[in-house]
Participant: 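Dropping the structure in here first, questions after.
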Amino acid sequence: GENVEQHPSTLSVQEGDSAVIKCTYSDSASNYFPWYKQELGKGPQLIIDIRSNVGEKKDQRIAVTLNKTAKHFSLHITETQPEDSAVYFCAATGQFYFGTGTSLTVIP
Amino acid sequence: NAGVMQNPRHLVRRRGQEARLRCSPMKGHSHVYWYRQLPEEGLKFMVYLQKENIIDESGMPKERFSAEFPKEGPSILRIQQVVRGDSAAYFCASSTTQGLTDTQYFGPGTRLTVL
């Protein structure tokens, strides 16, 4: 089965700086990689996703990059704001396999 | 279009009681997934269902846990004879087609506390 590792587990950045979260996966057949944001007391919300036929996708301040050869993908948040503070999860393919989460804190 | 709905949002049970968690998928979605999240941990897959069918229950404990998604009505996750270790947040997600490449949309979760 798939194994998804996510780093770092916690991340603190100053408002306006960039944040990067990385995930690696083990199953070379994986071809869909979503990212979810979970705020306290709420369910995960999809923020961006990427499929294996592209290497990068961007949506305003959020971007995701995928390196299929190295089996890793990353979430990039630029110009961070306090409201970006949350737990972020990556997932691979069937979404049955989630990373362990990254708690992001943006310091005003 | 209403999102995924779960109820109750909070559920308190004493050890040995039964817990029933309900999930109504988004309109037009026929695939439902249940996940469990322990405090400070990630999401763990439990079961994947379509209407009247269990597709994958590899993540669900063999005893005391069961799930269904009837032809009419919400999906139900049932936990019999609850123990303290069952205390967690249980999330339901739904998608339009088979989940391997389709986006899953999550509900707000049910927080189960076992006393």
Side-chain angles (χ1 to χ4, degrees), chain A residues 1-10 21-25 27-54 57 59 64 66 68 73 75 86-105, chain B residues 2-10 21-26 29 31-50 54-60 67 88-113:
Chain A
E2 179 64 275
N3 181 38
V4 179
E5 296 189 358
Q6 183 172 346
H7 301 280
S9 57
T10 59
I21 303 169
K22 298 181 180 179
C23 287
T24 61
Y25 61 98
D27 188 351
S28 57
S30 295
N31 58 9
Y32 176 58
F33 308 91
W35 284 90
Y36 288 86
K37 175 184 181 182
Q38 186 177 26
E39 296 176 326
L40 193 62
K42 297 184 179 180
Q45 299 297 311
L46 180 75
I47 55 171
I48 196 167
D49 57 12
I50 192 168
R51 299 183 188 274
S52 59
N53 56 345
V54 297
K57 183 177 179 180
D59 182 3
V64 56
L66 171 65
K68 286 217 73 180
F73 55 112
L75 177 71
V87 178
Y88 292 81
F89 293 98
C90 63
T93 304
Q95 301 183 62
F96 296 167
Y97 304 100
F98 279 78
T100 48
T102 296
S103 178
L104 173 65
T105 301
Chain B
V4 177
M5 299 175 68
Q6 289 187 249
N7 67 82
R9 294 293 308 277
H10 300 273
L21 288 62
R22 296 175 186 77
C23 170
S24 296
M26 286 179 68
H29 287 193
H31 298 247
V32 166
Y33 315 80
W34 286 94
Y35 295 83
R36 177 164 63 178
Q37 186 176 38
L38 295 170
E40 307 297 323
E41 292 190 11
L43 294 154
K44 300 295 185 185
F45 166 75
M46 299 181 73
V47 62
Y48 162 36
L49 310 104
Q50 293 179 26
I54 296 175
I55 306 303
D56 184 340
E57 57 181 348
S58 59
M60 199 147 71
Y90 292 83
F91 291 97
C92 162
S94 72
S95 69
T96 55
T97 58
Q98 200 265 345
L100 283 179
T101 57
D102 196 32
T103 301
Q104 292 185 17
Y105 296 90
F106 282 80
T110 293
R111 279 145 188 87
L112 173 65
T113 301

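Chain identifiers are assigned alphabetically (A, B, ...) following the order of the sequence lines, protein sequences preceding nucleic acid strands; residue numbering begins at 1 within each chain.
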Participant: If you count heavy atoms of other groups shown closer than 6.0 angstrom to OH of Tyr105(B), is the number above 12?
Facilitator: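 Not more than 12 within 6.0 Å, no.
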Participant: Need one label for Gln6(A): side chain, backbone, both or neither, based on atoms under 4.5 Å from any heavy atom in chain B.
Facilitator: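 No part of it gets close to chain B.
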Participant: If every non-hydrogen atom of Tyr36(A) is compared with every non-hydrogen atom of Gln104(B), which pair is closest and at what distance?
Facilitator: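 Between these two residues, the closest heavy atoms are OH-O, 2.8 Å.
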Participant: Counting only heavy atoms not in Lys42(A), do more than 12 fall under 6.0 Å of its NZ?
Facilitator: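 Counting other residues, nucleotides and ligands, NZ of Lys42(A) stays at 12 neighbours or fewer.
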Participant: May I have the step-by-step check of side chain to side chain contact (heavy atoms under 4.5 Å, CB included) for Gln37(B) and Phe89(A), ending in yes or no?
Facilitator: CA-CA 12 Å; Gln37(B) 186 176 38; Phe89(A) 293 98; 3.4 Å; yes
